[in-house]
Amino acid sequence: MPLAFCGTENNSAAYKVDDGVLNNGCFVDALNVVPHVFLLFITFPILFIGWGSQSSKVHIHHSTWLHFPGHNLRWILTFILLFVLVCEIAEGIVSDGVSESRHLHLYMPPGMAFLAAITSIVYYHNIETSNFPKLLIALLFYWTLAFITKTIKFVKFCDNKIGPLQLRFCLTGLLVALYGMLLLVEINVIRVRRYVFFKKRKEVKPPEDLQDLGVRFLQPFVNLLSKGTYWWMNTFIKTAHKKPIDLKAIGKLPIAMRASTNYMRLNEAFKAQKNEDTPYPQGSRFIWCALCHAFGRPLVLSSTFRILADLLGFAGPLCISGIVHHVGKGNSTFHPKTKILGVFFISSQEFLANAYVLAVLLFFALLLQRTFLQASYYVAIETGINLRGAIQTKIYNKIMRLSTSNMSMGEMTAGQICNLVAIDTNQLMWFFFLCPNLWAMPVQIIVGILLLYYLHGISALIGAAVIIVLAPVQYFVATKLSQAQRSTLEYSNERLKKTNEMLRGIKLLKLYAWEHIFHSSVEETRQKEMTSLRAFALYTSVSIFMNAAIPIAAVLITFVVHAHLFENADFSPSVAFASLSLFHILVTPLFLLSSVVRSTVKALVSVQKLSEFLSSEEIGEEHDKCSEPRCEDNYNKYQALPLKVFNRKRPAREDWNNCSSPMRRPPNITEADDYCAKVTNGFFTWTPEGPPTLSSIDIQIPRGQLTMIVGQVGCGKSSLLLGILGEMQKISGSVIWNSNTPDSETGEDVSPEMETAVDIETRKRGSVAYASQKPWLLNATVEENVTFESPYNKQRYKAVIDACSLQPDIDILPHGDQTQIGERGINLSGGQRQRISVARALYQQTNVVFLDDPFSALDIHLSDHLMQEGILNMLREEKRTVVLVTHKLQYLPHADWIIAMKDGTIQREGTLKDIQKSEPELFEHWKTLMNRQDQELEKEILNERKTVLDRKNLQKTMYSREVLSQDDEDDEVSPGRKTNILDQTVAILTAAAVAAIPTGTHILFFETTPLGSILNRFSADCNTIDQHIPATLECLSRSTLLCLSALAVISYVTPVFLIALVPLAVICYFIQKYFRVASRDLQQLDDSTQLPLLSHFSETVEGLTTIRAFRYESRFKQKLLEYTDSNNIASLFLTAANRWLEVRMEYIGACVVLIAAVASITNSLYNKLSSGLVGLGLTYALMVSNYLNWMVRNLADMELQLGAVKRLNGLIKTEAENYEGLLCEYGGCYTNQGEIQIQNLSVRYDSTLKPVLKHVNAHISPGQKIGICGRTGSGKSSFSLAFFRMVDTFEGRIIIDGIDIAKLPLQTLRSRLSIILQDPILFSGTIRFNLDPEKKCTDSMLWEALEIAQLKHVVKALPGGLDALVTEGGENFSQGQRQLFCLARAFVRKTSIFIMDEATASIDMATENILQKVVMTAFADRTVVTIAHRVHTILNADMVIVMKRGVILEYDKPEVLLEKEDSIFASFVQADK
């Protein structure tokens, strides 16, 4: 057929110009080409020459990106313009199809316009990114010319009576409007930016985010096309394939998405909700209103996108119906009746009667629908992530103000708070993600039913009714699913709680041979969990089956009813396939309904929990107000006379007798400014309802002096410190901090006006360096723990390290003071943790230092050194106010002021001289304890110290370093946090219900693996295997099979489709290949950034009192914001990567539909393919994009989740202890005399390490009391662990009662020995369970043990007595009471051998004296081995062993050793006086 611009027919009106050239249609069309050609010629040189060389620079350096005014409107108008031009081209082709010759002027001008429109937007984008608006003048001319030429054409149509019935008229009118609007947009840019026609050009800077090259998340800043298709992610995903993604690669969050910005937005919403009637509104409704106020707007946008996407989704069934209908009729050629100006005009109905047109429209509808859907998902998830960050910040700010009593009384645990952060904030995030479904689903259902009614009349409603009737069944299944999940979660939490306790007390469980008790308890819970999981799997299967079956059932019932109701029922393929597609669409919202309902319920519960948390009690206002300023310049005002140095080598009584030496001036605290803090008539409590913990407190703490607080265990010493710091609830009285000195942080004096304003009880407390009784360490390096956010001063740092004797410990660590300390200081011993905590207090430049029992975990040498160098030489020389809580009465002569406490009240305060005069009995009591029991105090320290030693050995093992051989290193290296096989067992059980579970992993494994890491195997990894992998596997297999079957059906219908499938498959392969790498990295980054965030929360909760004492709230809040932003940026990139994949897969799916449609239409027209098969192929083609998406996503998820299986498998394969023994048959004959023979014993912690005991020989007779002493690191603790086979005995043997312990089963051996560890461990449950978990003892035996341990009166006072509850970790008892419970537990075990490993560290001297006597009497017939740092505790022993570097140096009776002049034991005793 001949081609010509105006056609080649004879007498064609196209060439007639009798009425003027503008009345010639062909000329007008030619005129319309001019603007487009103009634009192409003008812009191409600029695009290819100007930007060709710079394109890479422009792309990389995005700091010049700037959206011109009307940016989004321009893009939207351009997209509409392109669509209208495609329609104009299609209309020209269709209307020209019946002519004898081709009229190029019908579709060539719109083709040129299409090219020009694309060029215009590319040109605009380049100008915008390089911020060079002057070049936009070309576009101004283009829009003007295009508008004029198109208007001429439109006017000529009107003149020729061509109206809206003709499609070309409508399209021309639309184009006039579009060009006009684009012209207005261009004029507006000139008006705002003034780049031409104005003398003064307006300079505009790009957004602040883009000036910061650290911001790499560009979604908010890119153009509309890039936003919709995530084009900007291409570079990122390609880079990810070359090198792993890390936090540096993803950069910083844009300002609008940062947690601080969103928190401020949320806070403003909270404030807006408050009104005069309810200044402090509470409750869920209030929180919901605030959330909607702050984050509602983007949700409306997301819902709009979702509704548009759902409406466009109906284009699929309608177009398929039209295509099948027209193919059935043979797509018969119509003859347009209207011929004007020599060409045919067609109406829109005639245009849509073409199957090819419908195929193209379907393609565009699918592209647009998928883009809107992904945009809706993205906006909703981004809003959810922003909301999560804001709520986490709000929770954190609340934590900073939480009342300490909430935590200590068990009303709120760290676990609950972490759940609030980890689980509930995520529930709210996902609710916001699913929220648009709440509005979109009803719209989708109503439109779907209306269309079905249009196709089938009343019978469609019956089919829809089937779906609605079955909805309650679906809801019932969903409810059952939810219940099964809830019970699974409850059992899982219970199992985790038990596992956690077991892991924390693993050393004790192994030593006491109690693994089986806890193991069976965990296994029992696991079995219940497995039952719930099976129910969950069953209901999931039913749910999947119903979702597949319901649309089929609905279609069948509709067809059957339709056939019965209507005799002339139309059962053409077009109706059938349209119905099938519509029913499939209808099922989606109903399927989502259960998820949305579940998510809504969870969100309601989460908001309720959040409301309760936010309304929980806060610390009193007056406590926040104060601060003793800390400025060293002013110290001289309060200087005291230098105190004489205390010499440990001199007999203590000399100092006591000279305590009234004229050298020391007693502080005169009657002077107004000479106190640091003052409590007047103070009554303090932990619980508002309960009796006051502290009563009638009237004290003054002198400024710049050393104040010591002493008293028995549980008398309220630590509470007094916390009360002064404002951590306790004050019932009455006042706490006043003197703030007359300049604030050391600002260096400014407090103004007189301010002073009067705050004089009464509200004087501000500044930063107080506080070292708590239970050391609290950050999960950071040793150096960071000591400096604690303060500037690093090398000289001061070194002085502090030396004062705390930390250098030898630092030398052991693999990276020195840059070694990361694990959670709760897990790779450090108790003493090391204590000294780092004290070092932190010493390092700070605060005026006031509070030390709560800093010596409890230190041996005598370390205590003396710390007292001398740290407290006396450093703190007192600097004239800092020091308040020291201690049991070590031998240091009292150093005190400038002493506060003696008893039963929550002040027994006496004053100088030592005052107390000597006014309370001679108390003074004599102290003196007696000092002279006789100096060592016992030290023993407390010993206890902890020993643990420290143990820990060190462990560390050596961990770092494969040689065991330290220096004298002052603690060799008692008990593997620090030992976890049991038990744990492993649980882990395995938990993970996959594996049958073979190692129940005896060596303690070294638990020693060298952080608790969090092991717990993660039992929690996250088990949860992945239990719940995620089955679901992912099912989804992956289903989507893969459905995808393959769909492609097979399409290929069968139109074999030519296979040719097109090859390039699509290649593209698909590369997209998924790149995506999986990026997705895996981002998912891991998302998980890994969540851990520091959660640990920061738990760390803060644990160290709340310390943080508040230091006044470091703002610094920790800043850290929280950084952690939250890191987690959120990873989540946002992951979301963007998922959208990147889905958009591309959806577009490939749309291409599959287009190719399948065109191929099947052509096949049908030329090869007489039945219309039914065309419908079948297209129905399947519509679903391909969904299947493709799920296939790739699930493949990536499965790859990630299989990591959990790998990790658990590694845990299962961990080498276990050998629990079997060669002498099983002797188990019953194992006697209980208590004789121990040690023959040439050498032990080590690991085969790669040096021995910690070398060729040790000893013989202990039945009933003997043996004392073991030695310097830190001499091997004392290793000696005790050898009895339990907890260390590797590679030479020699231990024989107990004639039996080599190496031949006994571990269970038998350990059950016949008792040990009391330095760190007290209690389990949640009852007191009875803690004393006797094996349930072998009567009540009278338990009461007897409690009486021996001085606890009978405490337990009797508790509700329930022996059945009184112990909270997790025994937190409802003091440290000293916990230690006494551990003693009682050991007394209950009637074993012949009893080992005390520095067991009285947290007990005051008087109580310890009683216990020493009890041990000597109650255990007269048992062999007792006592390990001590303070040798006075073993002076009454039958035999003494002195150790050094793993070798026994002396072994004899204490009196014999004392008589020898060169005896090491004698030198120890002398040094200990």
Side-chain angles (χ1 to χ4, degrees), residues 408 693-694 701 706-725 727 768-777 804 825 829-842 848-860 862-867 870-871 875 882-892 894-895 898-902 904 926 929-930 933-934 936-948 1103 1105-1106 1109 1318-1320 1370-1371 1373-1380 1398-1408 1429-1430:
S408 61
T693 311
L694 301 175
I701 294 170
L706 170 59
T707 302
M708 289 194 191
I709 303 177
V710 293
Q712 286 196 331
V713 168
C715 69
K717 301 183 296 296
S718 300
S719 296
L720 179 61
L721 288 189
L722 293 173
I724 297 171
L725 288 171
E727 293 293 331
V768 173
Y770 171 65
S772 57
Q773 185 177 13
K774 185 180 176 186
W776 172 72
L777 300 183
C804 296
S829 68
Q832 288 167 326
R833 292 201 295 270
Q834 184 109 48
R835 281 178 287 138
I836 290 174
S837 179
V838 173
R840 174 198 298 149
L842 296 185
V848 190
V849 181
F850 280 12
L851 302 174
D852 192 354
D853 206 4
F855 307 118
S856 65
L858 312 183
D859 64 22
I860 188 77
L862 290 171
S863 298
D864 283 351
H865 186 78
L866 176 59
M867 184 72 198
I871 295 172
L875 295 179
V882 183
V883 180
L884 172 67
V885 170
T886 185
H887 288 141
K888 292 194 175 295
L889 303 182
Q890 65 267 39
Y891 297 140
L892 283 178
H894 296 302
I898 297 168
I899 298 173
M901 295 193 69
K902 188 173 184 181
W926 283 351
L929 285 173
M930 248 306 293
Q933 300 297 338
D934 185 2
E936 297 199 358
L937 269 183
E938 249 66 275
K939 179 174 144 206
E940 300 176 350
I941 298 171
L942 250 157
N943 273 352
E944 273 262 317
R945 191 58 186 176
K946 177 188 127 213
T947 306
V948 177
T1105 49
T1106 307
Q1318 177 188 359
D1319 285 329
E1371 290 291 335
F1373 294 101
S1374 74
Q1375 185 86 354
Q1377 287 170 327
R1378 275 180 255 166
Q1379 188 72 72
L1380 294 174
E1398 303 173 41
T1400 50
S1402 304
I1403 300 169
D1404 63 276
M1405 290 166 66
T1407 312
E1408 189 179 0
H1429 280 124
R1430 298 193 306 279

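Computed over heavy atoms, backbone and side chain alike; hydrogens, waters and symmetry mates excluded.
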Treating Arg840 as the side-chain partner and Trp776 as the backbone partner, does any N or O pair qualify as donor plus acceptor under 3.5 Å?
yes
Just to verify, what does Thr693 make a side chain to side chain contact (heavy atoms under 4.5 Å, CB included) with, not counting sequence neighbours?
Thr685, Trp686, Ser719, Met728
Measure across Ser837 and Pro775 and return the closest heavy-atom pair with its distance rounded to 0.1 Å.
CB-CB, 4.0 Å
Could you measure the distance from the CE atom of Met708 to the CG atom of Leu889? Nearest 0.5 Å is fine.
9.5 Å
Name the residue from Thr886, Leu884, Val885 that meets the side chain to side chain contact (heavy atoms under 4.5 Å, CB included) definition with Leu851.
Leu884
Do Ser863 and Tyr891 have side chains that get closer than 4.5 Å, going by heavy atoms?
yes
Verify side-chain contact (heavy atoms from CB on, under 4.5 Å) between Leu721 and Ile709, making sure each step is shown before the conclusion.
CA-CA 9 Å; Leu721 288 189; Ile709 303 177; 4.0 Å; yes
4.5 Å side-chain heavy-atom contact, Tyr770 and Leu722
yes
Residue pair Ile898 / Trp926, side-chain heavy-atom distance below 4.5 Å:
yes
Flag the pair Ile836 / Cys804 as yes when at least one side-chain heavy-atom distance between them is below 4.5 Å, and no otherwise.
no
Counting C-beta onward and ignoring hydrogens, is there a side-chain heavy-atom pair between Leu725 and Thr1105 closer than 4.5 Å?
no
Would you indicate whether the side-chain heavy atoms of Val883 and Val768 approach each other to under 4.5 Å?
no
For the pair Lys717 (side chain) and Met901 (backbone), establish whether a donor and an acceptor sit closer than 3.5 Å, ignoring hydrogens and angles.
no
Could you check whether any side-chain N or O of Gln834 sits under 3.5 Å from a backbone N or O of Asp853, counting only pairs where one atom can act as donor and the other as acceptor?
yes
